[in-house]
Amino acid sequence: MVSSSCCWSGRPPARPRLLCSLQVAVVAVAVVVTLLPLHGAAQQVLDVVPDDPRVDGSGRWLLYVGTSYVITFYGSGFSLASNIGFTFSTTDCAFERHAHTAFNAVGFSPTKATVNVKFDTAPGPHYICIDNIHQGTGVHSTFVTQEEPKEGGEFLPLPVAIFLIFLLLCLSGLFSGLNLGLMSLDTTELQIVSEIGGPEEAAYARQILPLRRHGNLLLCTLLLGNVLVINTLTVILEGLSSGIIAVIGSTAAIVLFGEIIPQAACARHALLIGAKTLWLTKFFLALTFVASYPVSKMLDFILGEELGAVYQRKHLLRLVQLTKDNTDLQNQEIDILTGALTLKDKNAEQIMTPLKDVFMLDIATTLDARMLSTIHREGHSRVPVYQNQRENVVGILHIRDLSFIAAEDNTPLESVIKYFQRPLEEVYHDLSLDKLLDIFKIGRTHIAIVIKVEEIEGRDPQRTTVGIVTLEDVLEEILQSEIYDEGDLADMQAAKGGRPPHMQHRQRGLLAAGSAGSGPEAVFNLAQQPVQSVTLSEQVLAAAQHYLSSCVKPFDQSLISPSVLARLLVQPGVAKRIDKESASPAELEFYKAGVPTQVFTLILEGRLKVVIGKESFTFEAGPFSVLAAAALERITSSSGKGEPFVPDFSATLSSDHVVVIQIARSQYTECLRATGIQNKATKSGDSPNSLRKGSISSLAKYVSASSVPGGAPSSGATAANGDSSSSSNNNNNNNSHTQGALPH
């Protein structure tokens, strides 16, 4: 009605126009009053329901960060102009997080509002605010946001997950440590420890060695087990946390407890830990056998069989030098190892004695008293012999070859060299010491001449003798120290502790042949310092020489020349005096039935009790009775070797004392050699002077003037031996019968 009365086409009158304006104002007020509740009434949330309802342990709504939800709010006072937000505060809306919440209105009514929400904020409780009015902290108006758990993690209770993490960390550490510890123990080292290690270490090594021999299979088992454990551990850790915290936590746990600590422990105690956990290793070996066995076989085929630790000489030498402070090796042992390992790197020229420093003899030399004294003074056991010039070495003189060469005979050196024909070994200057040692080990000689071939332009190569090298030189290189003999020590003492200049290039390896006594005879003593030597009178010496040459077959003049025999009889230790009271039981028993011997005995004074055969036939052997002559007759070579003589009798001292001549097989062999030299010199026309008349007397006087340790006074021996000679002449028949009854 109002509308019709107010719609004039023309100009209305004044009164109706006022009435129409009042009607419009009333309508406007009515509209405002109608819309006023929609804007002025307080909004109140009575309940909230998300489209994916989840609640936590307190009954609050549980939402996942980054997931979109459609949430329906039930209450009153909702409109399109309502401002819905979320805050962390429990009392006011001052901290709304609109920027971190994706908000999209879906539908509104005064009692219901539906919105699409996606929380991008950090996990935590969120409370509802509508038009800056806090809706309280009740369970119906509180949302708890958290990271969405990975698949499977939410199904493990926390205690179970913690236990599994601890177990997997232990297994990871074990696999990692065994991988380093066991694989670092090569089969060679394990075999050494199992054979020469301590009781516990040897037992551990024997347990591990069979499994360690399958190196690739063991490696595949340990690596496969370790990878499996680490992956499982990572999955469980990701289920308990997320983001950067999970990455840092899992990395720290695996590196610290799964790698560093186990490997540090197994590196130092690999044997102990490997042996104690061997059962677990075998369990995983069986568990992963299907996967690890084919891979290990492929590695065996591609890489070949695994070898133990193999050290080259240089590596082994460096290893010894680096570990010398941490081992039980003494310095001397380290020097010997160093010398042996470097032997191949040195040659003969580096250790030889230069030719200019070598004591040598001209082959035209005559072995008179002066020359024998010179040879003795030099104190070498082997002397090179040259002809015309020193570079032309033609032989080697062994000092023992001069044992029975008399100074009075003036024997030519050439006769000695030609008779013995000692081997002369020549080696080149660049020959390595290991090969030189092999030459010396053969035993032909212990001295070699060093030859150097010099290339001269336009001429043929020229061989030159540059020095000598001996077995002692090689031994000194192995020992890494000098070897001093008696002569060296005497020279050093004379020089007051310093090494004399003439020893800077001494003729090494040529050991002194005798003691430091004076006179040429002291050089050729075969028995040094006998226990009870005695000096015989000239008459007894002459009688003994005559008796041996004429009545004892091994000393026949065709075998032993008179001059050599005379020299033998004056050797210290050949004539002995034994007193019953002061002698030891072993010295009282000269021979024992069934015990081999190489000593011949001639009784000069006193008596021996002799028991022969199984019948124990007993008698006493007196002066000029011979015992065990067969010990000298059974020599089969010039070296003195032969069948041993086994007596079928026993001989012991029966009188108060006895004076005997005892000759060993080695001494007798030297006499044969000396006689051969004389015979050869005679046939070649270079005959030495025959034994002068009275040579026995001169030799006896020389021996009488010498002091022999342990010997009886010469005057007493002379008187006694004079009686023995008379007794021998008076009882010749009896002695001949006695000698015939004894084995020769």
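Count residues from 1 along the sequence.
- Remark: Arg370 CZ is loosely packed, at most 12 non-hydrogen atoms of other residues, nucleotides or ligands lying under 6.0 Å away.
- Minimum heavy-atom separation, Pro647 to Val595: CD-O, 3.1 Å.
- In this structure, the side chain of Thr411 does not engage the main chain of Leu367 through any donor-acceptor pair within 3.5 Å.
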Test side chain to side chain contact (heavy atoms under 4.5 Å, CB included) applied to Ile451 and Thr465, step by step: CA-CA 5 Å; Ile451 303 297; Thr465 303; 3.4 Å; yes

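- Here the CD1 atom belonging to Ile351 is positioned 7.5 Å from the OG1 atom belonging to Thr470, to the nearest 0.5 angstrom.
- The shortest side-chain heavy-atom distance between Tyr668 and Leu559 falls under the 4.5 Å cut-off.
- With rounding to the nearest 0.5 angstrom, the CD1 atom of Ile396 is 7.5 Å from the CD1 atom of Ile468.
- With contacts defined as side-chain heavy-atom distances shorter than 4.5 Å, the pair Leu355/Glu391 qualifies.
- The side-chain hydrogen bond (donor to acceptor under 3.5 Å, both in side chains) contacts involving residues 193-215 comprise Arg212-Glu306, where partners must be two or more places apart or lie in separate chains.
- Side chain of Asp473 to backbone of Met352: no donor-acceptor contact under 3.5 angstrom is found.
- In this model, no donor atom of one side chain and acceptor atom of the other lie less than 3.5 Å apart for Thr365 and Asp362.
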Would you please test Leu271 and Leu190 for side chain to side chain contact (heavy atoms under 4.5 Å, CB included) and show each step? CA-CA 9 Å; Leu271 275 178; Leu190 285 174; 3.7 Å; yes

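- A donor-acceptor contact under 3.5 angstrom links the side chains of Ser558 and Asp556, judged on distance only.
- Atom CD in Glu454 sits 10.5 Å away from atom CZ in Arg459 (nearest 0.5 Å).
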Residues 333-346, side-chain donor-acceptor partners within the protein, below 3.5 Å, at least two apart:
unit_1 : atom_1 : unit_2 : atom_2 : d
Glu333 : OE1    : Gln330 : N      : 2.9
Thr338 : OG1    : Ile334 : O      : 2.8
Thr342 : OG1    : Thr338 : O      : 2.8
Thr342 : OG1    : Gly339 : O      : 3.3
Asp345 : OD1    : Arg313 : NH2    : 3.3
Lys346 : NZ     : Glu477 : OE1    : 2.8

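- Taking the side chain as every heavy atom from C-beta outward, Cys266 and Leu180 never approach each other to under 4.5 Å.
- The distance from atom CG of Asn347 to atom CG of Asp434, rounded to the nearest 0.5 Å, is 11.0 Å.
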Under the side chain to side chain contact (heavy atoms under 4.5 Å, CB included) rule, what do Arg567 and Val564 come out as? Steps first, then yes or no, please. CA-CA 5 Å; Arg567 187 169 179 78; Val564 173; 5.7 Å; no

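- When every heavy atom of Leu632 is checked against every heavy atom of Pro554, the shortest pair comes out as CB-CB, 4.2 Å.
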Determine, stepwise, if the pair Leu437 / Leu471 fulfils side chain to side chain contact (heavy atoms under 4.5 Å, CB included). CA-CA 7 Å; Leu437 181 61; Leu471 176 61; 3.9 Å; yes

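- The two residues Ser549 and Leu565 make their nearest non-hydrogen contact at OG-CD2, 3.2 Å.
- In this structure the side chain of Leu402 reaches within 4.5 angstrom of the side chain of Leu397, judged on heavy atoms.
- For the atom pair CD1 (Ile661) and NZ (Lys576), the distance works out to 11.5 Å, reported to the nearest 0.5 Å.
- The ring-ring contact (aromatic ring centres under 6.0 Å, His included) check on Phe600 picks up Phe555, with sequence neighbours excluded.
- Counting only heavy atoms from C-beta outward, the side chains of Arg400 and Ser381 never approach each other to under 4.5 Å.
- Atom CG of Asp438 is surrounded by more than 12 heavy atoms from other residues, nucleotides or ligands within 6.0 Å.
- Under 3.5 Å, the side chains of Thr601 and Tyr591 contain a donor-acceptor pair of N or O atoms.
- Leu568 is listed as a side-chain neighbour of Gln667, based on a closest heavy-atom distance under 4.5 Å.
- His429 approaches Val450 most closely through the heavy-atom pair CA-CG1, 3.7 Å.
- Using a 4.5 Å heavy-atom threshold, the side chains of His398 and Phe420 count as separate.
- Residues Leu548 and Leu569 meet the side-chain proximity criterion, which asks for heavy atoms closer than 4.5 Å.
- Residues Met183 and Gly215 share a closest heavy-atom pair of CE-O, 3.7 Å.
- Between the CZ atom of Arg390 and the CG atom of Leu361 there is a distance of 10.0 Å, given to the nearest 0.5 Å.
- When all heavy atoms of Val660 and Phe590 are compared, the pair lying nearest together is CG2-CE2, 4.2 Å.
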